[in-house]
2 protein chains.
Amino acid sequence: MEASRPDTATRILDVSERLFVEHGFEATSLRMITQQAEVNLAAVNYHFGSKDALFEAVFMRRLAPLIASCLAELDELETREEKLSVESLVTTFIRPCLALSKDPARGGALFVRLLSRTLVENHRLLRETISQQYSVFVQRYSRAFHHALPELGVEELAWRMHFAFSVMFNAFAGNDVLKIFTRSQIVSARDPDMIVKYLVPFVVAGLVSPVEG
Amino acid sequence: MEASRPDTATRILDVSERLFVEHGFEATSLRMITQQAEVNLAAVNYHFGSKDALFEAVFMRRLAPLIASCLAELDELETREEKLSVESLVTTFIRPCLALSKDPARGGALFVRLLSRTLVENHRLLRETISQQYSVFVQRYSRAFHHALPELGVEELAWRMHFAFSVMFNAFAGNDVLKIFTRSQIVSARDPDMIVKYLVPFVVAGLVSPVEG
DNA sequence: ATCAAATTAAAACGTAAGTTTGAAACGCTT
DNA sequence: AAGCGTTTCAAACTTACGTTTTAATTTGAT
């Protein structure tokens, strides 16, 4: 058996990830975190230095592998196929997201939700650190989509990618705008595979739709 | 000239709207609000009762007219046309959002951003109050889209509407996922008309795409 | 002009936040 | 077993928060 409870720093990261998603950064206190992680209050500042640094640690633990997975899928696809289909390109992004969502050991869909929270909260972390480290991500996808959709101008392509990644992110994050206005949660009954079944056709259709005269 | 500075309650609402968007509910203190609004600290509790009630006032001031505009557009369209096109349906939602975004007197695009923040922050307000008052909004659009897209099953339609409103909301809110990874802000150079030019075709294409075998 | 109500103002209250401190406990090498 | 760096712990510190209180001031009708 030996469930072997993780060490202090890891327990803090796990609990923080969940609480930051549930309540947001500001509304999550170190006392909430340390209580649920069953560690001493001072442990956060000892292991991470500050609450801000803790957030960065929580965030980076998931982001780096996710980005790496997407780029690996992209590499693999580009060596395998000569001409890339839009659907296969979309899938290189969706598959790692899906794998993450289904893996409880990596927090499941928590990180995608954290990412969307962090995005709308416009954290300093995103504006400064990440945009520098992972700009290659957008560059790679921009080039790949440009090859798959050569008839689109750069502006049109940028917008369509913007919309496509927007709907994909929010689908995995479970941000259901319509659930605001209705209690029925049909859509949000969250089987990740179900999401993909409907998500991919929608996104691909938007990406490949003919340009207007 | 007579710019006639608004009364205390209105100044509090205006400043709060901006600060809640910029920093979120928790990270916005009453002292920040009252300082920038140039009113006394106690004025918030006097006029609104509490910080929570203030948030609700800020939110409702914009939401109710926006919903009403959408439903009015929908009414007008349904009396004018017999068979509704998907594009015209999408436009009944986009046009009020666009008008709001371009009207500084109503806070411009601030409210859409506030709405998206409130959504991912999963406020009690959205779960309890609004879902009851405005469930008619979803019902009306669901029925209208069902008539425009009768070949879609209820589940497929629910998902497509979910995706469609998701991308529309986030487009107006300026939630650009890709800007996380790159400093170039081409897409987010926010001319609302530009958004619509590319947004409508994308959304319509996703909605009307043929169902898979 | 007067008086009551509505509003503004300054100050304080109690609480909870992030952080720091210094000692105790632990783990490991010698 | 002794020593030492690492980790844990309880407690306190400083600061800022939302809210309340009480008095001063303004407003509007008579």
Side-chain angles (χ1 to χ4, degrees), chain A residues 2-61 114 117-118 121-125 128-129, chain B residues 2-61 114 117-118 121-125 128-129:
Chain A
E2 191 57 52
S4 106
R5 125 197 256 213
D7 63 16
T8 301
T10 305
R11 279 214 309 292
I12 292 175
L13 287 174
D14 291 340
V15 170
S16 301
E17 182 173 52
R18 180 169 48 80
L19 291 182
F20 283 153
V21 167
E22 282 177 21
H23 307 104
F25 177 76
E26 301 284 346
T28 302
S29 71
L30 296 185
R31 282 165 177 84
M32 293 166 60
I33 293 171
T34 52
Q35 265 183 315
Q36 297 201 22
E38 299 179 80
V39 302
N40 188 268
L41 170 60
V44 170
N45 287 281
Y46 175 77
H47 284 282
F48 299 97
S50 69
K51 191 187 177 187
D52 279 286
L54 167 64
F55 179 82
E56 183 164 340
V58 168
F59 199 85
M60 287 309 192
R61 178 170 71 144
L114 181 63
R117 273 201 93 123
T118 311
E121 285 174 3
N122 201 21
H123 274 257
R124 177 184 32 75
L125 177 65
E128 297 169 6
T129 311
Chain B
E2 190 56 57
S4 102
R5 123 197 257 212
D7 63 15
T8 301
T10 304
R11 278 214 309 292
I12 291 175
L13 288 174
D14 291 339
V15 170
S16 302
E17 184 173 51
R18 180 169 49 80
L19 292 182
F20 283 153
V21 167
E22 281 177 23
H23 307 103
F25 177 77
E26 302 284 346
T28 303
S29 72
L30 296 185
R31 284 167 176 83
M32 292 165 61
I33 294 172
T34 52
Q35 265 184 311
Q36 297 201 21
E38 298 179 81
V39 301
N40 188 267
L41 170 60
V44 170
N45 287 280
Y46 174 78
H47 284 282
F48 299 97
S50 68
K51 191 188 177 185
D52 279 287
L54 167 64
F55 180 82
E56 183 163 341
V58 168
F59 199 85
M60 287 310 191
R61 178 170 70 144
L114 180 63
R117 272 201 93 122
T118 311
E121 286 174 3
N122 201 21
H123 272 259
R124 177 185 29 75
L125 177 64
E128 297 169 6
T129 311

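To find a chain, count down the sequence lines: A is the first, B the second, and so on, and within it residues start at 1.
- When rounded to the nearest whole Å, the span between CD of B/E38 and P of C/dT8 equals 13 Å.
- For D/dG18, neither phosphate oxygen OP1 nor OP2 lies less than 4.0 angstrom from any side-chain nitrogen or oxygen of B/S50.
- If you measure from atom OH of A/Y46 to atom P of C/dA24, you get 18 Å, rounded to the nearest angstrom.
- Using bins of under 30°, 30° to 60° and over 60° for the plane-to-plane angle, the ring pair A/H123/A/F25 lands in the perpendicular bin.
- Rounded to whole Å, atom P of C/dG22 lies 16 Å from atom CG of A/N45.
- Of the candidates C/dT19, D/dT19, C/dT8, the closest approach to any side-chain atom of B/H47 belongs to C/dT8.
- Following rounding to the nearest Å, B/D7 (CG) and D/dT26 (P) show an atom-to-atom distance of 18 Å.
- Residue B/I12 contributes atom CD1, which lies 8 Å from atom P of C/dT8 at whole-angstrom precision.
- Comparing B/R31 and A/D52 by the nucleotide of DNA chain C that holds the closest heavy atom to each, the one mapping nearer the 5' end is B/R31.
- For A/S29 and C/dA16, the shortest distance from a side-chain N or O to OP1 or OP2 is not below 4.0 Å.
- Closest to the side chain of B/A42, out of C/dA10, C/dG18, D/dT8, is C/dA10.
- Between A/F20 atom CZ and A/M32 atom CE the span is 9.5 Å, to the nearest 0.5 Å.
- Checking B/V39 against A/L41, the closest nucleotide of DNA chain C that is more toward the 5' end is the one next to B/V39.
- Nucleic acid contact class of A/T34 (heavy atoms, under 4.0 Å, all strands): none.
- Taking atom CG on B/N40 and atom P on C/dA9, their separation rounds to 6 Å, with Å as the unit.
- Separating the CD atom of B/E26 from the C1' atom of D/dC17 is a distance of 11 Å, rounded to the nearest angstrom.
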